[in-house]
Visitor: 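Encoded as structure tokens, here's the structure I'll be asking about.
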Amino acid sequence: MARRIGVFVCHCGVNIAGVVDVERVAEELRKYPGVAFATTYQYMCSDPGQNLIRQKIEEENLDAVIIAACSPAMHEETFRSVCKEFFNPYRCEMANIREQCSWVHDKKEATEKAIKLVKATVEKLRGNEDLMPIFVPIEKKCLVIGGGIAGIQAALDIADAGYKVILVEKEASIGGRMAQLSETFPTLDCSQCILTPKMVAVARHPNIKLMAYSEVIDISGYVGNFDVKILKKPRYVDEDACTVCGDCEKACPVIIPNEFDMEKKPRKAIYIPFPQAVPSTYTIDREACLGLAPLTCAQCKDACEANAINYDMQPKIVEERVGAIIVATGYDLYDKNKLVEYGYGEDDDIITSLEFERMLSASGPTGGEIIKPSTGKVPKKVVFIQCAGSRDKQHMPYCSSICCMYTAKHALLYKHHVPDGEAYIFYIDIRATGKNYEEFIARVMEEERINYIRGKVAKIYREGDKIVVWGVDTLTGKKVEIKADLVVLAMAIVGRKETKEIAKLLKVAVDDGNFLKESHPKLKPVEALSRGIYFAGCAQSPKDIPAAVAQASAAASKVLAIFSKDKLEKDPLVAVVDEDRCSGCGVCVSICPYGAMQRQPNGKAKCIEALCEGCGTCAAACPSNNIEMRNYKDEQIEKMIEVIV
Amino acid sequence: MKYWVKKELKPPHGKVYIIKDRCKGCGFCIEFCPQGVLQESEEFNAKGYHPPKLVETDDKKCIGCGFCSLICPEFAIHIEKEEEEKDEKAD
């Protein structure tokens with residue numbers, strides 16, 4: 001394999017050249033067997049740098065190229081596409097002499113190491129095969145998991161572009177958290193008024209198959225070809241026949257709390273979570289219903305004139321093949337029972353932010369009136385506590401991002417409802433970074449005369465019909481004691497526990513807060529590590545509505561980029577199993593983080609190339625050493641080690 | 001206050017009548033009552049069986065579905081639905 005290898009050493013300004021003696025690296029490499037040419041340049045990735053490579057390949061008749069520069073994660077694509085014009089792109093390799101050398105070593109050692117790294121790359125390059133990209137067919141249909149604002153937006157964007165979407169929602173209606181909110185900051189427009197048109201658009205869109213009251217129970221496959229199983233839970237009411245007249249609800253004798261109203265308003269066992277629900281239909285709560293045997297209690301069925309109720313409905317499993325998946329499973333509030341310092345939130349007059357949101361809502365339990373829950377009277381003194389569970393090492397260490405804004409909104413709305421009331425807000429810092437957010441906070445502070453107290457609350461306890469709040473004002477250094485009628489906790493936001501289950505099915509990591517882990521925190525904030533899986537909304541991190549909508553559209557555009565092609569091109573650096581020698585032990589099958597290793601009917605392992613990300617875990621784990629990574633073969637790696645050691 | 005509503009929803013009530021001496025202790029009513037209103041009593045009836053009794057002294061939990069009277073093989077139990085007018089008077 002006598003090749004004429006060209007070595008191009010990059011200065012990267014002073015990033016490399018300031019530490020590594022680049023001229024010496026080139027000089028040493030010129031003497032190395034197989035290397036026909038070596039030079040240096042200021043910025044290899046610049047246009048003149050790329051042109052230099054082109055020119056030298058022609059002049060020196062090179063048939064392989066090494067760029068000694070930054071990490072291949074940065075510019076491998078750039079240089080391979082240059083080389084593609086002349087020969088197979090897998091004859092181009094990068095030696096990382098920046099991140100793994102000049103940035104972490106001192107001058108003398110760095111130069112020595114750089115020389116070794118480039119020489120090792122020469123050895124690897126000599127063992128490289130010419131590879132062709134793998135092509136994978138695509139099913140141009142997208143699965144969106146979660147029907148909140150993020151899921152709705154993503155589904156609409158993809159459907160508007162002309163592709164089919166399956167929108168799966170666990171609850172009886174789409175709408176999610178946004179449907180529960182009263183008004184949205186900073187413009188104070190009614191949350192439902194701006195959300196419901198989108199919900200209706202989803203229901204009407206010919207490209208969207210809405211599967212509410214359903215759950216994703218199994219996902220297998222890979223980008224372009226995911227096989228999904230969706231459990232359609234029985235509503236016991238025919239969605240199309242139900243006219244939402246409400247006669248069944250009147251007849252139903254079972255009364256239980258409505259989850260949509262944070263359990264502060266009663267509902268019947270046959271219910272519609274809120275009037276604008278989509279799909280617009282009643283649902284029988286299987287747990288609460290007296291018995292689905294019509295003999296026991298059939299009062300709803302007797303009352304239903306449309307004859308929409310069917311107690312014999314069965315759960316159904318629907319199988320679908322999709323090309324891409326968007327996870328938009330949303331958030332939950334941190335469990336207030338874990339907040340020891342705030343009385344475990346057991347008191348009627350200590351409520352969470354979402355409960356207060358329902359209280360403010362015109363369709364909520366109080367019809368929009370603000371009350372002190374223990375007495376039903378108007379509260380004259382309200383204390384809002386920010387960061388309840390957030391920015392707290394004992395609870396959740398992160399900032400929940402939206403609490404500063406919605407607490408300001410809460411206080412403002414309280415003052416509008418109760419002009420002679422007093423509102424206090426305990427805060428650590430005010431984080432109002434969105435567009436027009438700071439102006440909103442200033443308006444609340446100045447015009448509405450809300451008392452902002454910088455400091456944390458140490459203790460809350462009941463004294464008679466008042467809730468006593470002990471805190472400290474860290475700006476004056478004085479202790480504060482407020483006898484309040486109502487305390488509202490701005491609870492930390494956590495990912496839903498269902499997110500964890502979905503993440504498990506998708507083999508995506510979640511962090512301590514149950515938030516999905518993105519591929520790159522800055523440059524790939526909507527992508528999962530596995531291709532074809534994208535995130536939107538609070539499932540990935542706490543965020544406000546505009547950010548959730550933006551991320552949903554971003555995820556949709558990523559899906560559309562996949563769907564714009566007829567076949568997917570994939571890096572062919574995958575695992576290859578020597579089937580003749582495979583003993584069928586299955587270690588690789590169980591260890592593969594991408595589910596790419598599968599057992600064939602004959603018991604032997606097989607690599608699904610479309611799934612394989614080339615991580616090499618299987619190759620390392622195979623007890624009989626029968627798995628090799630293309631272009632990372634054992635002999636290549638051994639030779640590299642020899643040069644370095 | 002469990003619910004924040006001004007007018008609480010009131011479930012319908014049924015009054016349970018047990019004709020003790022007809023009971024032959026099959027236990028169907030106890031087994032199938034969806035609200036779990038009934039339990040076996042310790043007393044004996046004329047036939048020597050234990051007739052059912054209410055779990056709680058008042059029968060507030062009974063919502064008057066009437067399933068017990070429907071399945072009782074001896075026609076020993078029946079329900080009278082309490083009319084809602086009463087509630088309105090109480091309001």
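Because only heavy atoms are used, hydrogens play no part in the values below, and waters and symmetry mates are left out as well, while side chains stay in. Letters A, B, ... mirror the listed sequences (proteins, then strands); counts begin at 1.
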Visitor: So which part of Glu263(A) gets closer than 4.5 Å to some heavy atom of chain B, the side chain, the backbone, both or neither?
Guide: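 Backbone only.
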
Visitor: So with a 6.0 Å cut-off around NZ of Lys377(A), is the heavy-atom count from everything else above 12?
Guide: no

Visitor: Quick one, Ile255(A) and Lys10(B) - any side-chain contact, counting heavy atoms below 4.5 Å?
Guide: no

Visitor: Work out which heavy atom in Pro253(A) is nearest to a heavy atom in Pro11(B); give both atom names and the distance.
Guide: O-CB, 3.7 Å

Visitor: Between SG of Cys297(A) and CG of Leu70(B), what distance do you get to the nearest 0.5 Å?
Guide: 12.0 Å

Visitor: For Lys233(A), I'd like to know if atom NZ has over 12 heavy atoms of other residues, nucleotides or ligands within 6.0 Å.
Guide: yes

Visitor: Can you measure from CD1 (Ile370(A)) to CH2 (Trp4(B)) and round to the nearest 0.5 angstrom?
Guide: 10.5 Å

Visitor: Considering residues, nucleotides and ligands other than Lys6(B), do more than 12 of their heavy atoms fall under 6.0 Å from its NZ?
Guide: no

Visitor: Check whether more than 12 heavy atoms from other residues, nucleotides or ligands sit under 6.0 Å from atom NZ of Lys24(B), and answer yes or no.
Guide: no

Visitor: Taking atom CD as the centre, does Glu305(A) end up with more than 12 heavy-atom neighbours from other residues, nucleotides or ligands that are less than 6.0 angstrom away?
Guide: no

Visitor: Return the OH to NZ distance between Tyr3(B) and Lys265(A), rounded to the nearest 0.5 Å.
Guide: 12.0 Å

Visitor: Of all the heavy-atom pairs spanning Pro365(A) and Val5(B), show the shortest one and how long it is.
Guide: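 That would be O-CG1, 3.3 Å.
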
